[in-house]
Amino acid sequence: MNYTIAINQNEPHFLNLVFTIPNIHQNSIVVQLPSWRPGRYELQNYAKNIRSLSITDEQGNHLPYQKITKDRWEIQTANIRKVLISYEYYANQYDAGASYVLNEMMYVNPVNCLLYVEGRIDESYEVKLELPETYTIACQLPHQNLTLVAQNFDQLADSPWIASKNMTHHVVAIKPQLNGRQEAQLHFWFQGKPCPFTNRLVDDTIRYAQEQIAIFGDFPCENYHFLYHILPTTFRHGVEHADSTVITIGPDSDWEDPDFYRSFIAISSHELFHLWNIKRIRPADMLPYDFTKENYSTLGYVYEGITTYYGDLLLLTAGVWNWEEYKSSFESDLKRHCTNLGRNNYSLAESSFDTWLDGYTVGIPGRKVSIYIEGMLAAWVADALIIHHTNGTKSLDTVMRALYERFAKHGKGYTESDYQNLLEEVSGISFATYFSELIWGKGHFQKWLHQTADLLGCTIDLEEISLHKNEQLTETQMRNFTKWTQSRFAAVAKNPIFDQQN
Ligand SMILES: [Zn+2]
C-alpha cells in the first residue's frame with residue numbers, strides 16, 4: 001500500500017493525496033476512511049473534508065464506484081490489478097487530534113485522512129511526503145528521505161507527524177534501570193515557540209517518566225516522541241499514540257507564567273501515562289480497534305480516570321510538584337465534580353459508554369459524569385482502599401502492573417471483571433460495593449470521598465471544595481499518606497515493592 005501526500009500550492013489548508021492499491025484479485029474492493037480516532041470515543045465525519053475524489057486504474061481510466069456509507073466506497077475492479085485513488089483533504093483544524101496544513105508546515109493525523117482497504121488492514125504502508133528536502137519530520141514511524149513506513153494500517157493510523165522547516169528538537173536518554181531495555185530516547189519536538197527552559201523541562205520529564213516506569217517495570221518503546229504545537233492563542237489539548245503524543249497548548253506568550261508551565265507538564269505526564277494505559281493496557285472491547293463504527297466501553301474510568309489520577313499524582317511523588325500544587329489541581333477537579341449534578345443522575349460506567357453519544361460536549365444539564373473527573377476520584381478511592389487494607393504494602397500501582405503484565409504483554413484486552421478481580425486479589429477485600437455504588441451507581445461519591453480522605457489523614461470539604469492534610473495523623477494514617485505520596489522510583493530503587501507477575 002502506498003501513499004503520496006503533498007501540500008496543495010494553490011489553496012491554503014488543502015492536502016493532495018494519492019493512494020495506490022496494488023495486487024487486486026477481486027471483482028470489487030471496499031475502501032474505508034476511519035469514522036473515529038483513538039483517544040476520542042465518538043464518531044467523526046472526516047469524509048466531509050474530502051474533495052475531488054477520483055478513482056482510476058494505472059492507465060488513468062476511471063473506474064465505476066459507489067459510496068455505501070458516509071465514509072465507505074465500493075469500487076468495481078474486474079480485471080484490474082492496481083487502483084489509484086486521488087483526492088484533496090481539507091486540513092484546517094488545529095488541535096491535537098486533527099490535521100493542519102499551512103505555509104511551511106504539514107501536520108497530519110493519518111486517521112483523519114488516510115483510507116484503508118477492507119480485509120487488507122494488516123499490509124504494510126509506505127507514505128511519501130512530497131516536500132522540499134529541507135523539511136524535518138517528527139513522527140514515531142521509521143522514515144528516510146521523507147518516506148514513512150508503517151507495518152500495517154493500525155500503526156499508520158496511530159502515527160501522526162509534523163513535517164516542517166522550523167521545528168526545535170531535543171532528545172534525551174532515559175535509563176529505566178529496571179527490567180528489559182536499558183535505555184530509551186525521549187524526543188521533544190516544538191512547532192512554534194519552544195519551551196525557553198529546556199533543562200528544567202528535561203529534568204521534570206525524566207522525573208515523572210521514572211515514576212511511571214517504576215509502576216510498570218519497563219518502558220515499552222525505544223523512542224518516544226512528544227510532538228508539541230505551541231500556539232499563540234489560549235489552547236490545551238493532548239492526544240496519546242502508540243509511541244508518541246501530540247499536545248497543542250497556548251498561548252506561547254505565557255511560557256514564563258508558572259501556571260502555564262504547570263498545565264503544560266501535567267498534560268505531558270497524563271499523555272505519557274497513556275503509553276501504557278490504553279495504548280497497551282486496553283479494554284477487550286477495543287482490541288483491535290474497529291474504525292467503521294462505535295467501539296463501546298464502560299471502562300473509561302480506567303483508561304481516562306486512572307490516567308488523570310496518576311498524571312497529577314506522579315508529579316507530586318516525583319518532586320516536580322509540591323503538595324500545594326498537587327492539592328490545587330486536585331481541588332480544581334473536585335470543583336468540577338461538586339458543580340456537576342450529573343453525579344446524581346447517571347453512573348460513571350454508563351457515562352463512559354455514552355462518550356459516543358455526548359461525551360465531548362456539555363450536553364443537557366446534569367445528565368452525566370466525566371470519565372476523567374469522576375474516574376480520577378474513583379481511582380483515588382481504590383488506591384487508598386488497597387493501601388489501607390494491605391498495611392501500605394500494595395497500592396493501585398500493583399493492579400496497574402498486573403494489568404500490564406498479565407494482559408497487555410500477552411496482547412489481551414481486559415474486562416470489567418478482570419479489573420475487579422485484580423482489585424480484590426491485590427487488596428484482599430471485596431470491591432462489590434465499590435462497583436455497585438461508585439462505578440454503576442449514582443449519588444454515592446460524597447460518602448466515599450470522606451472515607452478516603454480519612455484513610456489518608458486528610459479532610460475533604462465538599463462545600464468549600466478543599467482537601468487538607470490533617471495536623472495530627474494516627475500511625476495508620478501516616479503510613480497510608482506516606483505510601484500514597486512517596487516516590488515510586490525511589491522505593492523501587494531502594495527495595496523492590498512489586499510482585500513479579502508472569
Ligand atoms: Zn487521556
Side-chain angles (χ1 to χ4, degrees), residues 37-41 94-98 100 107 109 138 140 160 162 168 170 186-198 200-212 224-279 300 303-318 320-321 325-333 335-336 359-360 370-373 375-376 379:
R37 62 168 179 80
R40 197 170 189 101
Y41 307 101
Y94 208 172
D95 65 34
Y100 186 81
Y107 158 47
N109 188 1
Q140 67 187 25
I162 307 172
T168 308
H170 307 287
L186 298 179
H187 297 258
F188 303 85
W189 299 91
F190 285 94
Q191 173 69 30
K193 188 177 170 187
C195 176
F197 21 89
T198 314
R200 181 174 171 196
L201 166 64
V202 166
D203 184 55
D204 287 347
T205 306
I206 288 178
R207 280 164 179 262
Y208 73 70
Q210 294 282 26
E211 291 293 296
Q212 301 189 2
Y224 183 88
H225 300 263
F226 291 95
L227 273 56
Y228 291 116
H229 292 274
I230 310 300
L231 307 188
T233 48
T234 301
F235 211 85
R236 189 178 193 268
H237 186 212
V239 178
E240 66 278 11
H241 299 281
D243 300 342
S244 64
T245 177
V246 175
I247 290 170
T248 39
I249 193 164
D252 58 10
S253 54
D254 277 6
W255 269 123
E256 304 294 338
D257 176 351
D259 282 340
F260 180 77
Y261 181 73
R262 265 193 283 275
S263 171
F264 169 83
I265 213 77
I267 194 169
S268 303
S269 170
H270 176 104
E271 300 306 336
L272 185 65
F273 198 85
H274 275 310
L275 174 62
W276 294 270
N277 192 23
I278 198 60
K279 296 324 302 186
Y303 51 82
E304 288 299 349
I306 291 179
T307 301
T308 301
Y309 175 62
Y310 276 113
D312 281 3
L313 178 67
L314 299 180
L315 291 173
L316 171 67
T317 67
V320 175
W321 280 0
E325 289 171 305
Y326 176 71
K327 173 176 135 61
S328 155
S329 179
F330 187 98
E331 286 170 349
S332 74
D333 288 347
K335 186 175 180 186
R336 286 179 60 189
Y360 301 89
S370 158
I371 55 175
Y372 296 86
I373 300 301
M376 182 285 276

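Positions are given from 1, in the same order as the sequence printed here. Bear in mind the structure is a predicted one, so any value in this text is a computation, not a measurement.
- Between the CG atom in Leu227 and the NE2 atom in His241 there is a gap of 8.0 Å [rounded to 0.5 Å].
- Expressed to the nearest 0.5 Å, how far CG of Leu314 lies from OG1 of Thr317 amounts to 4.5 Å.
- No more than 12 heavy atoms of other residues, nucleotides or ligands shown are found within 6.0 angstrom of CZ on Arg336.
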> Yes or no on side-chain contact (heavy atoms from CB on, under 4.5 Å) for Ile373 and Met376, after CA distance, side-chain angles and deciding distance?
Replying inline: CA-CA 5 Å; Ile373 300 301; Met376 182 285 276; 5.8 Å; no
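- Remark: Ile249 CD1 to Trp255 CH2 distance equals 7.0 Å, nearest 0.5 Å.
- Heavy-atom minimum distance, Gly39 versus Glu240: CA-OE2, 3.6 Å.
- Remark: His274 NE2 to Glu304 CD distance equals 3.5 Å, nearest 0.5 Å.
- No hydrogens or angles considered: nothing links the side chains of Tyr310 and Asn277 as a donor-acceptor pair under 3.5 Å.
- Residues that satisfy the side chain to side chain donor-acceptor pair (under 3.5 Å) test with Tyr94, not counting sequence neighbours, are His229.
- Under a 4.0 Å N-O distance rule, the pair Asp203/Arg200 does not qualify as a salt bridge.
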>> If you apply the rule side-chain contact (heavy atoms from CB on, under 4.5 Å), what do you find for Phe330 with Asp312, and how did you get there?
In response: CA-CA 8 Å; Phe330 187 98; Asp312 281 3; over 6 Å; no
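- Minimum heavy-atom separation, Leu201 to Thr205: O-OG1, 2.6 Å.
- Contact check on Lys335 versus Glu331 returns no salt bridge, with no Lys/Arg side-chain nitrogen under 4.0 Å from an Asp/Glu carboxylate oxygen.
- When the side chain to side chain donor-acceptor pair (under 3.5 Å) test is applied to Ser263, the partners found at least two apart in sequence or on another chain are Arg236.
- Here the shortest heavy-atom pairing between Phe260 and Asp254 reads CB-O, 3.2 Å.
- Gln140 contributes a side-chain N or O that, together with a main-chain N or O of Asp243, makes up a donor-acceptor pair within less than 3.5 Å.
- A donor-acceptor pair is defined here as one N or O able to donate and one able to accept, closer than 3.5 Å; such a pair exists between the side chain of Tyr107 and the backbone of Ala96.
- Ring planes of Phe226 and Tyr224: perpendicular class, angle over 60° (limits at 30 and 60°).
- Residues satisfying the side chain to side chain donor-acceptor pair (under 3.5 Å) criterion with Tyr326, sequence neighbours excluded, are absent altogether.
- Across every non-hydrogen atom of Pro38 and Val239, the tightest pair is O-CG1, 4.1 Å.
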>> Please evaluate residues Phe188 and Cys195 with respect to the criterion side-chain contact (heavy atoms from CB on, under 4.5 Å), reporting the C-alpha separation (whole Å), side-chain torsions for both, the decisive distance (0.1 Å), and the verdict.
In response: CA-CA 10 Å; Phe188 303 85; Cys195 176; over 6 Å; no
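- Listed for the Ser269 side chain is no donor-acceptor partner under 3.5 Å among the backbone atoms of Ile265.
- Scanning both residues, Thr307 and Tyr303, for their nearest heavy atoms gives OG1-O, 2.7 Å.
- In this structure, the side chain of Asn109 engages the main chain of Gly97 through a donor-acceptor pair within 3.5 Å.
- Rounded to the nearest 0.5 angstrom, Ser268 OG and Tyr228 OH are separated by 3.0 Å.
- With rounding to the nearest 0.5 Å, the separation of OG1 in Thr248 from CD1 in Ile267 is 7.0 Å.
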>> Working note: Phe197 + Glu256, criterion side-chain contact (heavy atoms from CB on, under 4.5 Å); need CA distance, chi angles, decisive distance, verdict.
In response: CA-CA 9 Å; Phe197 21 89; Glu256 304 294 338; 4.0 Å; yes
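- Summarising the geometry of Glu211 relative to Ala318, their closest heavy-atom pair is CG-CB, 3.5 Å, with the distance given to 0.1 Å.
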